[in-house]
Amino acid sequence: MRPTRNYLIAPAFAVGLALLMIGVAQPSYAATERYLPEGSVTATELIPPPPEMDSAAFDTRMAIVEWEQVTRTPEQVEFVETPLTVERFWPVLVSDVFTVDAARLKIVIDQSIDEVRSDYDALKSVYSLPRPFVVNDAVEPIGDVRPVASYPSGHSIRAVIYARLLSEAFPEHETTLIDLAEQVGYGRVNGGLHYPMDVITGQTLGHANADVIIANPVFQKAIAQVRISS
């Protein structure tokens, strides 16, 4: 597990950004077409099934979760408990977020995330792997604690997509955005919410979905409008 970096936002910038995002009454910029065409990513062909719960491979992964429980720091707890939204990535962008139409960009990315979410929710039901804290009473979860299926990690999928799509608007920040996305995924193991395999497969699917969205002319047009409106 990588150490958690400090992605804190300066108070003055936080106030300015809040005013920008709240506004008075933001117009709707929703696309009439999907950014992720239905059936464009076949997840079951990209990731293997999880190991059987009575296997040595599963026990190894559970041992990693248990180890993370006894080594996590207060800073890591705070990091894991931070909600995952597009706003979580704003501090990486610093003042550059003001060089685009941030309200329009948020709508584009949130719509993309909603389209992906419906796909991976269905995928979770295919495998129905219980989360670590459901299987093992020694695991004390933190953060978004819901006893839904564990495999793959939806947080890991979404974090990668947030980072990849934001990188289309802010290519100079791509490395840092991806790094934060990976940290979010690793934090799910630290929080006792996922096994390492959930995170790895989630990141694989996140990149696969992002590739399709970014290649879609509908998305490219939306990103161009975000820049033109700046």
Side-chain angles (χ1 to χ4, degrees), residues 1-11 13-14 17-18 47 50 58 60-94 106 109-110 113-114 116-117 120-121 123-124 127 129-167 173 175-207 209-210:
M1 186 74 63
R2 299 184 185 181
T4 301
R5 288 175 172 78
N6 186 15
Y7 292 102
L8 297 179
I9 188 169
F13 176 56
L17 184 57
I47 62 173
F58 179 84
T60 298
R61 287 155 178 78
M62 179 63 83
I64 294 172
V65 177
E66 291 177 331
W67 180 80
E68 289 287 342
Q69 295 284 290
V70 299
T71 60
R72 67 189 178 200
T73 65
E75 292 77 17
Q76 288 174 321
V77 171
E78 181 180 3
F79 183 85
V80 173
E81 291 181 339
T82 303
L84 178 59
T85 63
V86 70
E87 286 86 354
R88 185 166 191 179
F89 293 84
W90 289 153
V92 171
L93 307 174
V94 195
K106 172 177 166 54
I109 293 179
D110 283 348
I113 291 290
D114 286 344
V116 174
R117 190 194 300 268
Y120 75 67
D121 280 345
L123 181 64
K124 282 176 175 284
Y127 299 110
L129 179 68
R131 291 186 186 256
F133 64 86
V134 174
V135 177
N136 187 344
D137 291 339
V139 176
E140 298 181 6
I142 57 175
D144 183 18
V145 182
R146 293 180 297 157
V148 297
S150 188
Y151 185 86
S153 165
H155 267 68
S156 299
I157 295 172
R158 299 202 315 275
V160 167
I161 293 172
Y162 278 130
R164 289 284 307 281
L165 302 192
L166 283 169
S167 295
H173 293 288
T175 299
T176 311
L177 288 165
I178 295 295
D179 180 69
L180 175 54
E182 291 178 350
Q183 293 295 329
V184 169
Y186 302 144
R188 301 296 284 175
V189 181
N190 186 269
L193 302 163
H194 282 287
Y195 311 94
M197 58 193 176
D198 302 345
V199 173
I200 294 170
T201 55
Q203 291 172 346
T204 296
L205 293 177
H207 283 293
N209 281 283

Run the ring pair (Phe, Tyr, Trp, His ring centres under 6.0 Å) test against F133 and tell me which residues pass, sequence neighbours left out. none
What distance do D179 atom CG and H173 atom NE2 have between them, rounded to the nearest 0.5 Å? 14.0 Å
Mind checking what makes salt bridge (charged side-chain N to carboxylate O under 4.0 Å, His left out) contact with D114, not counting sequence neighbours? none
Side-chain donor or acceptor of R61 paired with backbone N/O of P196 under 3.5 Å: no
Quick check: do V135 and Y195 have side-chain heavy atoms less than 4.5 Å from each other? yes
Please round to the nearest 0.5 Å and tell me the distance separating atom CG of L165 and atom CD1 of I109. 5.5 Å
So which heavy atom on L177 is nearest to which on S167, and how close? CD1-OG, 3.5 Å
Any side-chain heavy atom of R188 within less than 4.5 Å of one from D144? yes
Apply side-chain contact (heavy atoms from CB on, under 4.5 Å) to N190 and F79, showing your working. CA-CA 10 Å; N190 186 269; F79 183 85; over 6 Å; no
May I ask you to test the Y162-L84 pair for a side-chain heavy-atom distance under 4.5 Å? yes
By the salt bridge (charged side-chain N to carboxylate O under 4.0 Å, His left out) test, which pairs, at least two apart or in different chains, include something from residues 153-167? R164-D211
Sequence-distant partners of S153, side chain to side chain donor-acceptor pair (under 3.5 Å), two or more places apart: S156
Test item: P152 and K124 side chains (from C-beta on) under 4.5 Å apart, heavy atoms: yes
What residues, two or more places apart in sequence or in another chain, satisfy side chain to side chain donor-acceptor pair (under 3.5 Å) together with E66? N136
Taking only residues two or more places apart in sequence, or in another chain, which ones meet Y151 in a side chain to side chain donor-acceptor pair (under 3.5 Å)? none
Heavy atoms only: give me the nearest V189-I64 pair and the separation to one decimal. CG1-CG2, 4.4 Å
Just to verify, what does T60 make a side chain to side chain donor-acceptor pair (under 3.5 Å) with, not counting sequence neighbours? none
By salt bridge (charged side-chain N to carboxylate O under 4.0 Å, His left out), D110 pairs with (sequence neighbours left out) K106
In short, V65 meets G192 closest at the heavy-atom pair CG1-CA, 4.0 Å
Taking the side chain as C-beta and beyond, is there a heavy-atom pair between F58 and L129 under 4.5 Å? yes
From the options Q76, H194, E68, Q203, select the one residue that forms a side-chain contact (heavy atoms from CB on, under 4.5 Å) with Y186. Q203
Please name all residues satisfying salt bridge (charged side-chain N to carboxylate O under 4.0 Å, His left out) with R72, sequence neighbours left out, ordered by chain then number. none
With a 4.5 Å limit on heavy-atom distance, are the side chains of L123 and L205 in contact? yes
CD1 of I157 to OG1 of T201: how many Å apart, nearest 0.5 Å? 7.0 Å
Minimum-distance pair of heavy atoms, taken over all atoms of P147 and V134: CB-CG2, 4.0 Å
Could you go through V139 and M62, starting from their C-alpha distance and side-chain angles, then the distance that decides it, and tell me whether this counts as side-chain contact (heavy atoms from CB on, under 4.5 Å)? CA-CA 9 Å; V139 176; M62 179 63 83; 4.3 Å; yes
Identify the two heavy atoms, one from A163 and one from F89, that lie closest to each other, and give their separation to 0.1 Å. CB-CE2, 4.2 Å
Would you check if the side chain of R88 reaches a backbone N or O of T82 as a donor-acceptor pair within less than 3.5 Å? yes
